[in-house]
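Below, all heavy atoms of this structure are taken into account, side chains as well, without hydrogens, waters or symmetry copies.
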Amino acid sequence: MSNASSIRNKALELGFERVGFARAGAVPHGEALGPWLDVGFHGEMAWMAKSPERRLDPARLLPGAKTVICVLKNYQSPGTHSADPAVGRISRYAWGDDYHDVLLGKLHELRDYVEGLGGTAKVCVDTNAILEKPWAQEAGLGWQGKHSNVLSREMGSWFFLGELITDLELEPDPPHREEYCGSCTACIDLCPTKAIVAPYVVDSRKCIAYLTIEHRGAIPRELRPLMGNLVFGCDICQDVCPWNKFAQVAPEREFYARDGNAAPSLIGLMSMTRDDFNRRFKGSPVKRAKHAGFLRNVAIALGNSKDPAAVPVLEKALEHEEPLVRAHAAWALGRLGARAALERRRPAETEAEVIEEIDAALAAP
């Protein structure tokens with residue numbers, strides 16, 4: 001049995017649904033990275049603009065690299081997103097355990113197997129300077145859809161990507177050159193913030209996933225009403241993709257929704273202390289938003305809920321230690337018409353950003 005066949009079998013044995021091999025070298029379509037960075041579409045993700053040339057050649061991560069081994073791991077879990085404005089919406093990939101932990105364990109086993117065959121290998125799971133999606137396409141695993149996610153005709157897009165860069169010479173798989181989106185533009189048309197500015201091009205600064213996870217400051221006011229009840233990530237471009245009708249439920253229960261994560265009460269989320277947040281989301285991707293950032297997101301969702309029952313918890317949030325939380329709570333109270341709560345807080349507030357939000361809310365018709 002060849003090394004390629006042996007490694008492929010091992011990857012499937014470890015639970016990866018697909019595995020493919022690409023010849024290492026200049027990353028396919030790498031020429032698009034520079035212009036994307038130049039116009040600032042990466043937002044505050046400064047690490048993407050730091051030495052971008054590192055992302056263009058796997059040999060910069062592993063000298064002597066000859067093959068990029070790409071794997072797919074299904075994370076589709078039972079259940080659907082709720083349309084109830086009184087509950088929060090968490091991206092499906094974050095319903096369960098942190099995928100980094102699950103995939104790293106499997107990829108480390110695969111790396112040990114590769115090294116047992118005499119090679120050297122480096123593991124990548126969304127944490128190294130590698131452009132994962134072009135490599136997945138080069139390894140024959142799918143194509144990049146117009147929303148920029150990788151799509152598979154058999155699996156849709158509910159899957160994670162992982163890579164092993166190795167100095168073993170492995171027979172490459174045929175690249176996936178076909179593109180099966182056709183004339184469909186559902187992901188572009190139904191993106192609430194119009195973050196997909198052209199087919200295959202996403203302006204992160206408008207993307208709700210970026211805003212609720214990576215962005216650390218105030219969310220632009222003009223985007224807040226468009227966010228609905230999304231409190232961590234956004235799956236809309238995948239939810240509306242016709243190819244996801246072929247998605248199958250993943251066998252790993254680690255990706256299934258923890259209690260309350262599929263349809264969490266917004267009022268309950270807004271009431272969480274830092275300790276509550278850390279306990280509830282221990283070992284979860286949601287921790288990346290951090291406590292203050294998450295409450296910022298929840299406040300926006302409550303402002304969009306039109307639920308007067310949210311006023312007491314938002315008024316309490318006007319006394320939160322973090323100005324970021326107070327500012328977004330003020331905006332939400334304005335959306336709910338709770339002028340009295342804002343007027344009570346205005347004389348005691350000292351932070352300019354919060355005062356600005358209170359005054360803007362009070363000045364609104």
*With Arg153 as the cation and Trp243 as the aromatic partner, state whether NZ or CZ is under 6.0 Å from the six-membered ring centre and within 45° of the axis.*
no
_Test: Arg258 cationic atom under 6.0 Å from Trp95 six-membered ring centre, within 45° of axis_ = no
N/O donor-acceptor pairs under 3.5 Å from side chains in residues 186-201, not counting sequence neighbours:
residue: Asp189; atom: OD2; partner: Thr185; partner atom: OG1; Å: 2.7
residue: Thr193; atom: OG1; partner: Lys206; partner atom: O; Å: 2.5
residue: Lys194; atom: NZ; partner: Asp189; partner atom: O; Å: 2.6

*Can Glu138 and Arg177 be said to form a salt bridge (Lys or Arg N to Asp or Glu O under 4.0 Å), step by step?*
CA-CA 8 Å; Glu138 191 69 9; Arg177 300 301 187 206; 3.3 Å; yes
Is there a continuous path of hydrophobic side-chain contacts, each under 4.5 Å between heavy atoms, that joins [X] to [Y]?
{"X": "Val68", "Y": "Val125", "result": "no"}
{"X": "Val27", "Y": "Ile130", "result": "yes"}
{"X": "Val231", "Y": "Leu324", "result": "no"}
{"X": "Trp135", "Y": "Trp143", "result": "no"}
{"X": "Val202", "Y": "Ile219", "result": "no"}

Counting distance only, does the side-chain N/O of [X] pair as donor-acceptor with the main-chain N or O of [Y] below 3.5 Å?
{"X": "Asp276", "Y": "Thr273", "result": "yes"}
{"X": "Ser204", "Y": "Phe41", "result": "yes"}
{"X": "Lys146", "Y": "Gly182", "result": "yes"}
{"X": "Ser82", "Y": "Ala263", "result": "no"}
{"X": "Arg224", "Y": "Ala332", "result": "no"}
{"X": "Arg111", "Y": "Leu164", "result": "no"}
{"X": "Lys133", "Y": "Asn149", "result": "no"}
{"X": "Glu17", "Y": "Asn74", "result": "yes"}
{"X": "Arg335", "Y": "Lys306", "result": "no"}
{"X": "Lys73", "Y": "Phe16", "result": "no"}

Examine the side chains of [X] and [Y] and answer whether a donor and an acceptor come within less than 3.5 Å of each other.
{"X": "Asp97", "Y": "Ser284", "result": "no"}
{"X": "Thr212", "Y": "Asn297", "result": "no"}
{"X": "Asn9", "Y": "Ser6", "result": "no"}
{"X": "Lys66", "Y": "Thr166", "result": "no"}

Check this for me: does any side-chain nitrogen of one of [X] and [Y] sit under 4.0 Å from a carboxylate oxygen of the other?
{"X": "Asp173", "Y": "Arg23", "result": "no"}
{"X": "Asp57", "Y": "Arg60", "result": "no"}
{"X": "Arg89", "Y": "Asp235", "result": "no"}
{"X": "Arg205", "Y": "Glu44", "result": "no"}
{"X": "Arg221", "Y": "Glu357", "result": "yes"}

Nearest 0.5 Å, what's the [atom1]-[atom2] distance between [X] and [Y]?
{"X": "Leu110", "Y": "Lys10", "atom1": "CG", "atom2": "NZ", "answer": "8.5 Å"}
{"X": "Arg8", "Y": "Glu171", "atom1": "CZ", "atom2": "CD", "answer": "10.0 Å"}
{"X": "Asn3", "Y": "Phe21", "atom1": "CG", "atom2": "CZ", "answer": "9.0 Å"}
{"X": "Cys234", "Y": "Leu226", "atom1": "SG", "atom2": "CG", "answer": "11.0 Å"}
{"X": "Leu295", "Y": "Ser271", "atom1": "CG", "atom2": "OG", "answer": "9.5 Å"}
{"X": "Leu362", "Y": "Arg339", "atom1": "CG", "atom2": "CZ", "answer": "5.0 Å"}

Nearest heavy-atom pair of [X] and [Y]: which atoms, and what distance?
{"X": "Gln238", "Y": "Ser157", "answer": "OE1-OG, 2.7 Å"}
{"X": "Cys181", "Y": "Leu151", "answer": "SG-CD1, 4.0 Å"}
{"X": "Phe255", "Y": "Leu103", "answer": "CZ-CD1, 4.1 Å"}
{"X": "Leu266", "Y": "Ala301", "answer": "CD2-CB, 3.7 Å"}

*Apply the test salt bridge (Lys or Arg N to Asp or Glu O under 4.0 Å) to residues Arg274 and Glu321: give CA-CA distance (whole Å), side-chain angles for both, the deciding distance (0.1 Å), then the verdict.*
CA-CA 11 Å; Arg274 190 180 305 277; Glu321 61 181 353; 2.9 Å; yes
Classify the ring geometry between [X] and [Y] as parallel (under 30°), tilted (30 to 60°) or perpendicular (over 60°).
{"X": "His215", "Y": "Tyr210", "result": "tilted"}
{"X": "Phe232", "Y": "Tyr93", "result": "tilted"}
{"X": "His42", "Y": "Trp36", "result": "tilted"}
{"X": "His291", "Y": "Phe277", "result": "tilted"}

*Given salt bridge (Lys or Arg N to Asp or Glu O under 4.0 Å), test Glu319 with Arg345 step by step and report yes or no.*
CA-CA 8 Å; Glu319 300 177 1; Arg345 178 63 192 177; 5.1 Å; no
Looking at [X], I want to see if its [atom1] is surrounded by more than 12 non-hydrogen atoms of other residues, nucleotides or ligands under 6.0 Å.
{"X": "Asp259", "atom1": "CG", "value": "no"}
{"X": "Lys287", "atom1": "NZ", "value": "yes"}
{"X": "Glu115", "atom1": "CD", "value": "yes"}

*Starting from the C-alpha separation in whole Å, work towards a yes-or-no answer on side chain to side chain contact (heavy atoms under 4.5 Å, CB included) for Leu56 and Leu131.*
CA-CA 8 Å; Leu56 302 180; Leu131 296 178; 4.3 Å; yes
*Please report the C-alpha distance between Val123 and His108 in whole Å, then the side-chain angles of each, then the deciding distance to 0.1 Å, and finally whether the side chain to side chain contact (heavy atoms under 4.5 Å, CB included) criterion is met.*
CA-CA 7 Å; Val123 171; His108 284 151; 3.6 Å; yes
*After noting the C-alpha distance and the side-chain angles of Glu353 and Arg326, does the key distance pass the salt bridge (Lys or Arg N to Asp or Glu O under 4.0 Å) rule?*
CA-CA 9 Å; Glu353 64 187 278; Arg326 301 202 301 275; over 6 Å; no
*Apply side chain to side chain contact (heavy atoms under 4.5 Å, CB included) to the pair Leu230 and Leu211, showing each step before the final yes or no.*
CA-CA 10 Å; Leu230 295 158; Leu211 291 168; over 6 Å; no
*Take Asp126 and Glu132, measure what side chain to side chain contact (heavy atoms under 4.5 Å, CB included) needs, and give me the verdict at the end.*
CA-CA 8 Å; Asp126 190 29; Glu132 296 185 303; 4.2 Å; yes
